[in-house]
Amino acid sequence: MKSPTLTATGGEIREGERLLRLPQVLAIIPVSRTEWYRRLASGEAPQPVELGPRARAWRLSDVNDYLVRIAARDRTQVGAATK
């Protein structure tokens with residue numbers, strides 16, 4: 001049976017999926033607020049889900065996927081620099 005979903009502007013949220021507000025995201029990804037918004041604008045960082053007119057949140061799964069991507073990118077860059 002599929003998990004029920006809630007629809008929010010910007011995507012679907014599966015029942016039980018954890019949402020993070022910006023301070024929680026920045027605690028996981030140690031960058032400044034300005035850098036985070038720069039990454040959002042460039043399309044590098046995961047896009048938030050709109051909870052309301054002035055409320056945004058990020059899916060924990062998207063933040064974890066982003067961490068895996070930047071870790072893999074960093075490993076590749078370090079490996080290329082040592083050759």
Side-chain angles (χ1 to χ4, degrees):
M1 182 170 134
K2 285 178 74 173
S3 297
T5 58
L6 302 170
T7 303
T9 305
E12 290 185 346
I13 306 165
R14 284 193 274 312
E15 185 176 334
E17 185 165 28
R18 185 156 174 218
L19 296 176
L20 306 174
R21 298 301 300 269
L22 183 59
Q24 295 168 306
V25 172
L26 296 179
I28 295 170
I29 300 173
V31 296
S32 69
R33 180 181 292 255
T34 302
E35 177 60 22
W36 180 251
Y37 280 113
R38 196 173 291 132
R39 291 178 186 192
L40 280 173
S42 73
E44 178 185 349
Q47 294 301 305
V49 174
E50 243 180 74
L51 302 177
R54 294 183 48 169
R56 309 281 185 277
W58 286 262
R59 294 175 196 89
L60 178 58
S61 59
D62 290 347
V63 172
N64 286 334
D65 291 345
Y66 178 65
L67 282 172
V68 169
R69 273 197 334 267
I70 61 176
R73 180 193 67 199
D74 289 348
R75 278 194 303 272
T76 302
Q77 289 176 351
V78 168
T82 59
K83 290 182 181 179

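Since this is a predicted model, take the numbers as computed values, not measurements. What you see below is based on every heavy atom in this structure, not just the backbone, and it leaves out hydrogens, waters and symmetry mates.
- Within the 4.5 Å cutoff, no side-chain heavy atoms of Pro46 are placed close to those of Arg59.
- Judged as a salt bridge (Lys or Arg N to Asp or Glu O under 4.0 Å), the pairs with a partner in residues 26-37 (not counting sequence neighbours) are, in order, Glu35-Arg38, Glu35-Arg39.
- With sequence neighbours left out, the side-chain contact (heavy atoms from CB on, under 4.5 Å) criterion links Gln24 to Arg18, Leu20, Arg21.
- Residues Leu60 and Leu19 have side chains not in contact (no heavy-atom distance under 4.5 Å, counting atoms from C-beta outward).
- Using a 4.5 Å cut-off on side-chain heavy atoms (C-beta onward), Leu22 and Tyr37 make contact.
- Side-chain contact between Arg56 and Leu51: absent, with no pair of heavy atoms (C-beta onward) separated by less than 4.5 Å.
- Taking both residues in full, the closest heavy atoms of Trp36 and Ala45 are given as CH2-CB, 3.7 Å, listed atom of the first, atom of the second, then distance.
- There is no path of hydrophobic side-chain contacts, each under 4.5 Å, that joins Val63 to Val49.
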- Task: Run the numbers on Leu40 and Trp58 for side chain to side chain contact (heavy atoms under 4.5 Å, CB included), then give the verdict.
- Result: CA-CA 11 Å; Leu40 280 173; Trp58 286 262; 3.7 Å; yes

